[in-house]
Each structure stands twice: as structure tokens, then as C-alpha cells.
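Quick notes on the structure that follows.
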Amino acid sequence: MNYPALKVNLAKLESNTRLLVEKCAARGINVSAVTKVFCGMPEIAVAMVKGGASYLADSRIENLKKLRVFNIPKMLLRIPMLSQVEEVIEYADISLNSEYKVIKALSDEAVKKGKVHQIILMVDLGDLREGVWADDVMDYVDKITKLEGIKLIGIGTNLTCYGAVIPNEENLSKLVEIANNIEKKYNIKLSIVSGGNSSSIYLVEKGTIPKGINNLRLGESIVLGNETAYGERIDGTYNDCFTLCAEIIELKEKPSVPIGEIGVDAFGNKPTFVDRGIRKRAILAIGKQDVRIDGLIPMDEDIIILGASSDHMIVDVTDCKKDYDIGDIIEFRMDYGALLSVATSDYVKKIIE
Ligand SMILES: *Cc1c(COP(=O)(O)O)cnc(C)c1O
């Protein structure tokens, strides 16, 4: 085995997916499983498909391209770039949109290819990332329904990502109301009313998610088992579907405070040190080029992470029960940001279990 490595437990990921799919199904909601944190690797996404996801969703078209082997609809989460319209029509069955200029370009390309592209119109309910303002929705729908290459299949919203606005019965009811108004006015059926991401799961668990919301786009809740409105664990999920393994390359007793005049570190920061006396320190062959260090949680709870430069990470193993040696592997769980960085680093091998 080569290190550093990201180990993926497919059985646990499938179990997490199934648990959330079933929770949502009990409220009439289907799930778009979000694959972006692991760069849309099909070897991993297969667990989400087996777990019962209705759609695979990713923010990058490069990732959807890798997922074309799966015979379920693919959803592009990030508003398409004008420069990528061709690829969007080719590799995404559905895209989330908020700009008429883009939607028109998608329509033109779809017509050229003899296709009809499905879109979800995003509505901004106050989080201030993507979406059209609620008052403007009908104007957009007016124009969209005239486009030959586009089928408006639903509306959606995204919350908690930028403004940290928490979804609740009030803002999500507004989305349902807008969907109902569109259906009435244009005499069309919207098959998707997409009520957000993993921050909406707590409403499903409480049983207070407004009736009419019938889709959620879930990433972190599946992958790490977290609901993200209040940062709670979701009962019955695994938090170790993914583990990072790094190898010890130096192990020595050293003081905990550097000797000499202190300037700035490799990243231009002035470091501070806690004096714990002479400590047993391990250097691991992994660094900031591979992982966002702040988001790592050692599986061995007695390990203290001291810091890292580009390619070296230093941990304090003095209090550990295990007697570590050169060549030993230290394992970590990760938060979302750390997992994202690890999955994206070409230097970290991906091991599927
Ligand atoms: C990333 C993303 C999601 C998934 O978010 P999680 O918090 O990981 O569930 C859902 N919708 C959109 C538009 C996204 O970009």
C-alpha cells in the first residue's frame, strides 16, 4: 500500500445513504446524492446509487462526466458557465439555473443536439448565494417556458452555504407556495421542489418540513453523517466512511518550543507554542498540499496535532498508549473541508474497501 491514502468504506457509505433516503421517503422526499466532496469518483458514487439515491448531483461538469456510467439522472448543482454549455447539454440531464442568458444558451445548444434539457430554477430565499429573487420568479418562468430546448421541471433553493441562513417552515413554505403559483398560472406540473441541502435534514427528522418539498440535495449528511443547520450528528449514521492514513517518517524526543529567534513560518504566519517540555514527536509524510490540517481528527485520541508545512505534518504522540515506530500509519477522520482537500490531492491514493 502507498501513503498517504484515503480509505473509503463503501458499505458504510451505502448504509448512510439508505438511512437518509428512507428518512426522506417517509416525508415524500427523494434524494439527490451529492458527489462533489469526493470529486465524483464513480468507484465511490456506486455506494450512493446502491443506497437508493434518485439522482447523482455534482457542482462540476468534469465530475458528472465521470458519472455517466450510472443509469440515473445527473444533476449539475452549480449555475452553468456560458463557456461550458456544450458539456452541460452532453453530460447533465438536469441543471440548476438562475440566469436567463445561460438558460437561453442551454436551449440553443439543446435544440442543436436534438435534445430537451431539464432545469430547476433557483430561488434565493435570503442566503444570498445563487437564485432569483422571489418577486422576479414569474418573469423568468414567462421567458423560460417559451424556450424550445428547455423544460422547466422544478424550482429549488439553497440555504446555509453563504449567509448561514437556516431553513425553516416559513422560508421553505414560501418555496412551495411559489411552486404552486407557477403550476396554476402556467398549467404545468413541476416534478421537483428542491428544499435545500444537508441543513434541511433536521426538519425531516422533526417531521416539520413543509408538505410539497419533494427533493433534497444531500452531501455532508450522507458522507459524514452530519446535519449542518446546527452541526448535530444524525443518529444511526457512520462518521468514518472516509479515513486518512499517513506514515511516520521521523520519531524523536524534542522540546516543544523552538530554539532561536522566532520569525514567520513557511506560510508567513507567526507561530505560537505551548511549552509542554520534552515531548515525543512524529513527523508524518503529508502536508498542506494534501489536506486542510485544521479539519483532521486523529482516531487515536491521545495524539495532538502540532502543525504542518507543505509536505510535513508534526504530531505529539507522547501520551499515546500505543508505542509508535517509524513506518507506522496514523489514521484520521476528517471534516468536510479536510475531506474535500484530501480527495482533490493527486498525491493521496484512494483505496476502496
Ligand atoms: C454542495 C451543494 C449541495 C450539498 O450540500 P451539503 O451541505 O453537502 O448537503 C446541495 N446543493 C447545492 C447547490 C450545492 O452546491
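Just follow the structure's listing: the first ligand is 1, and inside any ligand the first atom is 1.
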Fill in: Side-chain heavy-atom pair V315, P298 within 4.5 angstrom cut-off
no
Fill in: Note: E62-K66 ion pair, threshold 4.0 Å (strictly below)
no
Discussion item. Is it true that S199 and T160 share a donor-acceptor pair across their side chains at a distance under 3.5 Å?
Written reply: yes
Worksheet entry | ring-ring contact (aromatic ring centres under 6.0 Å, His included) partners of residues 314-353, not counting sequence neighbours, each pair once | none
Practice prompt. Could you note down all residue pairs passing ring-ring contact (aromatic ring centres under 6.0 Å, His included) where residues 215-271 supplies at least one of them, sequence neighbours left out?
Written response: Y202-Y230
Practice prompt. Could you note down all residue pairs passing salt bridge (Lys or Arg N to Asp or Glu O under 4.0 Å) where residues 258-279 supplies at least one of them, sequence neighbours left out?
Written response: R279-D316, R279-D319
What are the distances between nitrogen or oxygen atoms of ligand 1 and protein nitrogen or oxygen atoms, counting only those under 3.5 Å?
unit_1	atom_1	unit_2	atom_2	d
ligand 1	8 (O)	E220	N	2.8
ligand 1	9 (O)	S198	N	3.0
ligand 1	9 (O)	S198	OG	2.5
ligand 1	9 (O)	G219	N	2.8
ligand 1	11 (N)	N158	OD1	3.4
ligand 1	11 (N)	R217	NE	2.9
ligand 1	11 (N)	R217	NH2	3.3
ligand 1	15 (O)	K36	NZ	2.7
ligand 1	15 (O)	R129	NH2	3.2

